[in-house]
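So the structure is just underneath, and the comments pick up after that.
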Amino acid sequence: MSMDVDAQGDIEPQTVQWLQRAALSYIDRYPTSRANLVRVLRRKLHRRGLDDAAHRMLAESLADRLCAARLVDDAQFAELRVSALKRRGASALAIRGKLMEKGVDDETAAAAMEREGHDEAAAALRYARRRGLGPFRRKDRQARHDRDIAAMMRAGFPGGVARRVVEGDGEPAEDA
């Protein structure tokens with residue numbers, strides 16, 4: 001996985017090899033998007049004081065090559081993240097936000113969400129169960145009603161969905 005001499009420029013071969021090992025180690029441990037990998041590699045370079053344009057281009061080039069080798073795939077990463085976040089009860093808005101943070105473009109995110117399918121009401125119910133909100137609150141349910149709705153709305157659920165879940169009995173709604 002060595003680079004051409006033209007692409008390297010003034011960069012020492014040891015630096016190139018170190019960055020390649022760092023990239024491979026990172027993708028071995030974590031699923032990632034191309035943009036996130038570039039961010040990680042640039043941060044590693046920055047910590048070593050290698051912040052010039054040639055080193056930034058090295059990070060870009062390395063990420064491109066890993067994408068071409070299908071070791072980094074934004075669509076696959078997006079599907080994995082959507083699936084994991086869906087199991088946790090994340091709202092569609094939160095899922096999109098998390099994917100955007102990792103550098104996944106809107107088109108790829110939308111395709112992953114469409115393939116995975118997303119039921120906002122079911123996700124809201126899972127979220128409420130996990131956080132102990134609404135019907136899953138052990139005591140002071142009425143006293144915490146408005147706070148529970150606000151917490152669900154901060155998590156990205158629409159107000160109507162949040163209200164139905166908090167005021168519900170913990171069972172999926174027939175009409176939702």
Side-chain angles (χ1 to χ4, degrees), residues 22-47 56 59-60 63-64 66-67 70-176:
L24 291 172
S25 175
Y26 186 81
I27 65 173
D28 188 41
R29 286 178 294 170
Y30 309 106
T32 190
S33 65
R34 181 198 176 284
N36 190 59
L37 179 61
V38 169
R39 210 173 10 248
V40 166
L41 295 177
R42 284 185 175 178
R43 191 170 48 241
K44 287 181 177 295
L45 288 165
H46 178 74
R47 285 185 191 140
R56 287 192 298 272
E60 293 278 345
D64 287 341
L66 290 171
C67 285
R70 304 270 305 154
L71 293 173
V72 175
D73 183 355
D74 283 3
Q76 184 180 21
F77 170 74
E79 285 184 32
L80 288 171
R81 284 302 287 159
V82 167
S83 177
L85 291 168
K86 183 181 169 189
R87 282 191 305 275
R88 290 187 65 210
S91 67
L93 187 64
I95 291 172
R96 283 254 168 108
K98 295 279 187 188
L99 291 174
M100 222 167 44
E101 283 176 10
K102 294 296 183 179
V104 176
D105 62 271
D106 284 338
E107 187 177 309
T108 305
M113 287 188 65
E114 186 177 317
R115 276 190 299 278
E116 186 66 33
H118 187 76
D119 180 4
E120 196 77 350
L125 200 56
R126 279 192 299 277
Y127 180 79
R129 180 176 289 122
R130 186 169 60 83
R131 296 287 312 273
L133 303 175
F136 305 103
R137 184 173 287 287
R138 297 214 185 267
K139 58 184 178 180
D140 296 333
R141 182 175 173 187
Q142 282 309 114
R144 300 285 188 161
H145 176 269
D146 292 342
R147 288 182 181 191
D148 288 353
I149 291 173
M152 292 193 68
M153 290 178 67
R154 282 191 303 273
F157 294 103
V161 171
R163 183 172 302 285
R164 280 194 301 275
V165 168
V166 169
E167 293 172 355
D169 60 2
E171 296 295 320
E174 296 292 323
D175 61 322

Would you please name every residue forming a ring pair (Phe, Tyr, Trp, His ring centres under 6.0 Å) with Phe77, sequence neighbours left out?
none
Partner set under ring pair (Phe, Tyr, Trp, His ring centres under 6.0 Å) for Phe136, not counting sequence neighbours
none
Go through the steps to decide whether Lys98 and Val82 satisfy the test side-chain contact (heavy atoms from CB on, under 4.5 Å), and finish with yes or no.
CA-CA 9 Å; Lys98 295 279 187 188; Val82 167; over 6 Å; no
Salt bridge or not between Arg141 and Glu167? Use side-chain N to carboxylate O under 4.0 Å.
no
Who are the side chain to side chain contact (heavy atoms under 4.5 Å, CB included) partners of Asp146, not counting sequence neighbours?
none
Least distance between heavy atoms, [X] atom then [Y] atom:
| X | Y | answer |
| --- | --- | --- |
| Leu99 | Ala109 | CD1-CB, 3.6 Å |
| Gly168 | Pro135 | O-CB, 3.5 Å |
| Ala90 | Phe157 | C-CZ, 4.0 Å |
| Ala59 | Val38 | O-CG2, 4.2 Å |
| Val161 | Ala121 | CG1-CA, 4.1 Å |
| Met153 | Ala162 | CG-CB, 4.1 Å |

Evaluate the side-chain proximity of [Y] to [X]: yes if any heavy-atom separation is below 4.5 Å, no if none is.
| X | Y | answer |
| --- | --- | --- |
| Lys86 | Arg126 | yes |
| Leu37 | Leu66 | yes |
| Tyr26 | Val72 | no |
| Val166 | His145 | yes |
| Glu79 | Glu116 | no |
| His46 | Arg56 | no |
| Leu24 | Asp28 | no |
| Glu60 | Arg42 | yes |

Return the [atom1] to [atom2] distance between [X] and [Y], rounded to the nearest 0.5 Å.
| X | Y | atom1 | atom2 | answer |
| --- | --- | --- | --- | --- |
| Ser33 | Met100 | OG | CE | 12.5 Å |
| Lys102 | Asp74 | NZ | CG | 12.5 Å |
| Ser91 | His118 | OG | NE2 | 6.5 Å |
| Gln142 | Asp148 | CD | CG | 10.0 Å |
| Glu120 | Leu93 | CD | CG | 8.0 Å |
| Arg34 | Ile27 | CZ | CD1 | 13.0 Å |

Using the test salt bridge (Lys or Arg N to Asp or Glu O under 4.0 Å), find all partners of [X] that sit at least two apart in sequence or belong to another chain.
| X | answer |
| --- | --- |
| Asp105 | none |
| Arg131 | none |
| Arg70 | Asp73 |

Within the side chain of Arg88, is there an N or O that forms a donor-acceptor pair under 3.5 Å with the backbone of Ala84?
no
More than 12 heavy atoms from other groups under 6.0 Å of CZ on Arg115:
yes
